Visitor: 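Before I ask anything, here is the structure I am working with.
In what follows, chains carry the letters A, B, and so on, assigned in the order in which the sequence lines appear, proteins first and then strands, with residues in each chain numbered from 1. All values derive from a computational prediction rather than experimental measurement.
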Number of protein chains: 2
Amino acid sequence: MSTSYQHQKAGDLNFLKHLNRSAILEMVRRVPGLTRADIATQAQLTKATVGSGVQSLLQQGWLKEGDLQKSSGGRPGRALHLNDDRHYLLGAEVGVHRLRLVACAPSGRVLASHHEPYTPSTPEATAALLGGALQQLISSPEVSNRENLGLGVALPGPVATGEAILRRAPNLGWRDVHFLELLHPHLPELKGVWLMDNEAKSAAFGELYLRTGKTPESLLYVSAGTGIGSGMAEGSHSPLLTRGVQGLAGEIGHTILQPGGLYCHCGNRGCAETLVSGWSIRASLGIDEKNDLIQALAPRLQEPDVTRTLRRAGEALGMLLLNLHHTQNPAEIVLGGSLTQLGSTFLEPALTYFETHQQRLLGTTQRVPLRVVEDSTFVAARGAAAQVLARAIHGPSSQTAHQSPIP
Amino acid sequence: MSTSYQHQKAGDLNFLKHLNRSAILEMVRRVPGLTRADIATQAQLTKATVGSGVQSLLQQGWLKEGDLQKSSGGRPGRALHLNDDRHYLLGAEVGVHRLRLVACAPSGRVLASHHEPYTPSTPEATAALLGGALQQLISSPEVSNRENLGLGVALPGPVATGEAILRRAPNLGWRDVHFLELLHPHLPELKGVWLMDNEAKSAAFGELYLRTGKTPESLLYVSAGTGIGSGMAEGSHSPLLTRGVQGLAGEIGHTILQPGGLYCHCGNRGCAETLVSGWSIRASLGIDEKNDLIQALAPRLQEPDVTRTLRRAGEALGMLLLNLHHTQNPAEIVLGGSLTQLGSTFLEPALTYFETHQQRLLGTTQRVPLRVVEDSTFVAARGAAAQVLARAIHGPSSQTAHQSPIP
DNA sequence: CCACTAAGTAAATAGCTCGAACATAGTATT
DNA sequence: AATACTATGTTCGAGCTATTTACTTAGTGG
C-alpha cells in the first residue's frame, strides 16, 4: 500500500529557501563555531544569502551568535552556535524488559531521562504506561520552559518505510501495531513531529547524526540484546536509513550462520540468534525469563560452561560483524545493547575474530573502527529523538523517518 | 582522501531549474506518454512551470511530443515521450573471461553491442583492447549520427564511493587501478560523462533505472559468475547505490556461510564463494581455467558428482539470498551472471530454499519477487550505460556514480 | 595614525515559479 | 449544426529568492 505514485520531488521556490536554511543550520550544528564566511565558502553560497539565512535562523531562535574569532588578516568573523536552550525533543524506547525515555536538547544533550522495568503486555496497556511516563518527563523543570519539537519512539521490531506500523515484535508478542495512534490519546496536547522506528535504526541514526566535528560517512549500529538487530545510517546532511520494503533490513539475527544448526523461533535453522542473543544464552544456560540476564551471569562468569557459551556467542558475533562488513561496509561500527555488559568474556572473542579476519580482502589498508558503547541504556531513545530533530530541521519532505498521519 | 569537507548541497537558483527539468524528464522517461497536466499534478508544480520546462526539454531534444490522448471530458492532453533518437550511451564490462560493450539509446534499448573472449592481462593492455573495441562500436552506423553522452565501465571488484579506482580485482589480478585514466588516451575525443563502478552495482542500477512503468522501490542484483557479488539500488528518481566506504558493500562472496569450512582465497574459511562460485565449482569438479565452465558442464549434467556439487552450490546460493533478504530487504531480487546458465540443477535448489525459508519472519504477507535473468551478457555493461544516463540527466551534483577527474 | 585585509550588510538586479486570465481542443447537449 | 462544457496548455505580470556590487565594520601590521 502506501504511495503507489512515486513522489517526484520537484522544487517549489520556497523549498529552495528551506533547503538553504536547513543546510546552514546543519553545518553549524555539525561544526559549532562556524562563521558566516565559512558557511558561504563551504556551501557555495554568497555572503548575502548566508547573511539573510543566518539572520532568520537567529530570529527564530535556532542559532545564536558567539565570540569573534581571531582575525586572519582582516575583520574577524563571528562564531555561530546552535541555540541549545530553546527547544527539546522526546525520545522513547519500548524494550523487551525496560521502558526508556529521554528529553534531549538539540545538541543531543540529555536534559532529563527515566527508565523503568517493563514486562511485555498489550500494545494498548504499554501505550498508556509510556504516555504516563512521558507526561511526567515533560513536566520536569529541565524541559518545562522549552518548546517541544516532537516525539520519536523506538521499537524492537521491523517498521517498514513510509508506514507507522510495527509489523512484528516477536519478543513482545506484538503484530501490526499502529503504536503512535495508540499513544496519541495519552499525550493529546503534544504537537510536533511524531514518528516511530526500529530500535537499532534509531540508534544508528542518533549515533551518526548527533556527532559533531568530523563524522564518518556511514555508521552501522549493532544492537545485541534479547534479540539481535542492526541499523545502517548513511550520509552527512540528514543521514538516510536503510529499511527495506518490509522494514526487514538489518534483521541480522535471522541470517543463517550455521547451516543445519539449532532451530530458531522463526522456523529456520542455524540463525545467528540461535548462537548470539539474550534468549539463546538464557536457553543454553537455563536462566529464567524472570531474572535479569546480566545480573544472573555476573557471579558465574568464571564457570566453564558459562565461559564456553559466552565465548561461542562472542565468536558468532564476530562472524556476524564480519559478514556485515562485507555486505554493508560501513565507515564505522558501533556495538550496543544489553549484552555488551557481559564484558570481555563475551566481547573479546567477537572483537578478536573481527579484527583478525577483517582485512584479508583489501590488504592492510585502513581498518573499520569498531566502538563498543559502554552504557547503551538511552542510545535508541536518544536516536529516536535525533530523528525528530532531523525531521524538524529538514521538514517532512525529507524521507528520514516515518511520520504518523495523526489527524 | 577525496572530500574531507562535507558537501553540503545548498541551492543555487539555477539548481532549482535543473532540478525541476530533470524531475520532468525522469517522469516522462519512467512513464512514457504522460501529459503536461499529469506531470503538474504528480510533481506538485504549476501548469506554467511544467509548460516552460517541457518546452525547453523539447528544444534541447530530450523530449518529443506524441499523439493527443483521449479526452476525459475536456481538452485532451498531448502525450510526451523521451526522444530516443538523439543521444546514445556507451557501456562496457571487463569480465574475467569476456569483454562486453554496448551502445544504448536513452530508453535502454541496445543499439549496437559486441563481446569477445578475454584473458586477464595488465590494466594497460586491457585498456588498449577495450579502447579499440569501443572505437569500432562508435563508428557503427547505428550510433554514428547520434550524440554521445558518455561512457561507463563495469569492473569485477570493489570501487569506493567518490573515487575512480578499482581497489582490487582478485580474479583479474589487479590492484588500485585508475582504469579510466588508462582508457582515456585511447578515446581522446570522447566527451561526456566518464565513470566506472563495480559490475554488480552497475547491473543493479541498470535493472532498476531502465525499467518503465511501476518500479520497485529497491532492487538487489546478485551476480553469480567466477566470483559472486551483489549490488543494491534504491529510490525511484535517480537510484542510490550502496557502496560502502571501501566499496566492499555487496561483497557477499566473502560472507561466512559455513564456519570452519574450506579455505577461501581471501584467507578466511567457509566463505560463500567456497560453496557457490565459478571457481569453487571448477575446483571441486576439476575443470581447467582454460575451458568454458558452462560448455564443459553441459554434457555432464546427469553425472552424480556434478548434480551433487551443483545442488550444494544452489542451496548455498539460496541461503545467501535469504541472508541478503534479511540484511537488505530489497523489494525485488534479480539473479544474473554466467552461472544462471547452469539451469535448473543449480537454480532449483536455490529458488526452493529461498522460497520455503523466506517468509517465516513476517508470516504470509507479500513475498519478495525473485527474477532470474535468462541472458545476462550485457546486463552490467548496460547498467553502466544507465549510470551515464542518470549522470547526464541529473548533472554531476547527483551522487549516483563516480566520475573521473579527466583534465 | 594610517593603509590593508577580510567579514558582514544594504540596495539594486536578474531569474525562477506562481497565480490568474486566456486560448484551445475535444465531448456532450440542444 | 450550433452551443455549452470541461480540462489542457499558454501568456503575462506579480512575488520571491539569490546574486551582484558597493559599502561599512573590525581587527592587524607598519
Visitor: Nearest whole angstrom, please: distance from the C1' of D/dG9 to the CG of B/Leu45.
Guide: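 These atoms are roughly 15 Å apart.
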Visitor: Whole angstrom is fine here: how far is it from CG in A/Leu19 over to C1' in C/dT17?
Guide: 16 Å
Visitor: For the NE2 atom of A/His394 and the CG atom of A/Leu25, what is their distance to the nearest 0.5 Å?
Guide: 7.5 Å
Visitor: Measuring from the side chain of A/Lys47 (C-beta onward, heavy atoms only), which nucleotide among D/dT10, C/dA7, D/dA18 has the closest atom?
Guide: C/dA7
Visitor: Examine C/dT9: is either OP1 or OP2 under 4.0 Å from a nitrogen or oxygen in the side chain of A/Arg36? Give yes or no.
Guide: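 Yes, because at least one side-chain N or O of A/Arg36 sits under 4.0 Å from OP1 or OP2 of C/dT9.
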Visitor: Determine whether a donor-acceptor pair (N or O, by modelled atom type, separation under 3.5 Å) exists between the side chain of B/Arg30 and the backbone of B/Arg211.
Guide: yes
Visitor: Residues in ring pair (Phe, Tyr, Trp, His ring centres under 6.0 Å) with B/Tyr88, at least two apart?
Guide: none
Visitor: For DNA chain D, what residues of residues 48-70 of chain A have any heavy atom nearer than 4.0 Å?
Guide: A/Ala48, A/Thr49, A/Leu68
Visitor: Between A/Phe15 (CZ) and D/dA18 (C1'), how many Å, whole number?
Guide: 15 Å
Visitor: Hey, are B/Lys191 and B/Glu147 close enough for a salt bridge, meaning a charged N less than 4.0 Å from a carboxylate O?
Guide: no
Visitor: For the residue pair B/Trp62 and B/His87, establish whether any side-chain heavy-atom pair is separated by less than 4.5 Å.
Guide: yes
Visitor: Within this structure, what is the CG-to-C1' distance between A/Asp12 and C/dT17, rounded to whole angstrom?
Guide: 8 Å
Visitor: Has A/Lys17 got a side-chain N or O lying under 4.0 Å from the OP1 or OP2 atom of D/dT17?
Guide: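 So the side chain of A/Lys17 is within the cut-off, an N or O lying under 4.0 Å from OP1 or OP2 of D/dT17.
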Visitor: Output the rounded distance in Å from CG (A/Asn14) to C1' (C/dC16).
Guide: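 One finds 13 Å between C1' of C/dC16 and CG of A/Asn14, rounded.
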Visitor: Find the distance A/Gln44:CD to D/dT19:P and express it as a whole number of Å.
Guide: 10 Å
Visitor: Counting side-chain heavy atoms from C-beta on, which of D/dT19, D/dA7, D/dT25 comes nearest to A/Arg75?
Guide: D/dT25
Visitor: Checking all strands, does A/Gly77 fall into the base, sugar-phosphate, or nothing category for heavy-atom contacts under 4.0 angstrom?
Guide: sugar-phosphate
Visitor: Closest to the B/Ala37 side chain: D/dT8, C/dG8, C/dC16?
Guide: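 The answer is D/dT8, which lies nearest to the side chain.
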Visitor: Between B/Arg78 (CZ) and D/dT10 (C1'), how many Å, whole number?
Guide: 14 Å
Visitor: So, do B/Leu240 and A/Glu234 sit near enough that their side-chain heavy atoms are less than 4.5 Å apart?
Guide: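 SC-SC contact between B/Leu240 and A/Glu234 ruled out.
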Visitor: So which nucleotide from D/dA18, D/dG15, D/dA7 ends up closest to the side chain of A/Leu13?
Guide: D/dG15
Visitor: Using the side-chain heavy atoms of A/Asn20, tell me which of these nucleotides is nearest: C/dT17, D/dA18, D/dT17.
Guide: D/dA18
Visitor: Give a yes-or-no answer on whether the side chains of A/Glu26 and A/Ser238 include a donor-acceptor pair shorter than 3.5 Å.
Guide: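 Side-chain D/A pair, A/Glu26 to A/Ser238: absent.
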Visitor: Given atom CD1 of A/Ile39 and atom P of D/dA18, what is their separation to the nearest angstrom?
Guide: 14 Å
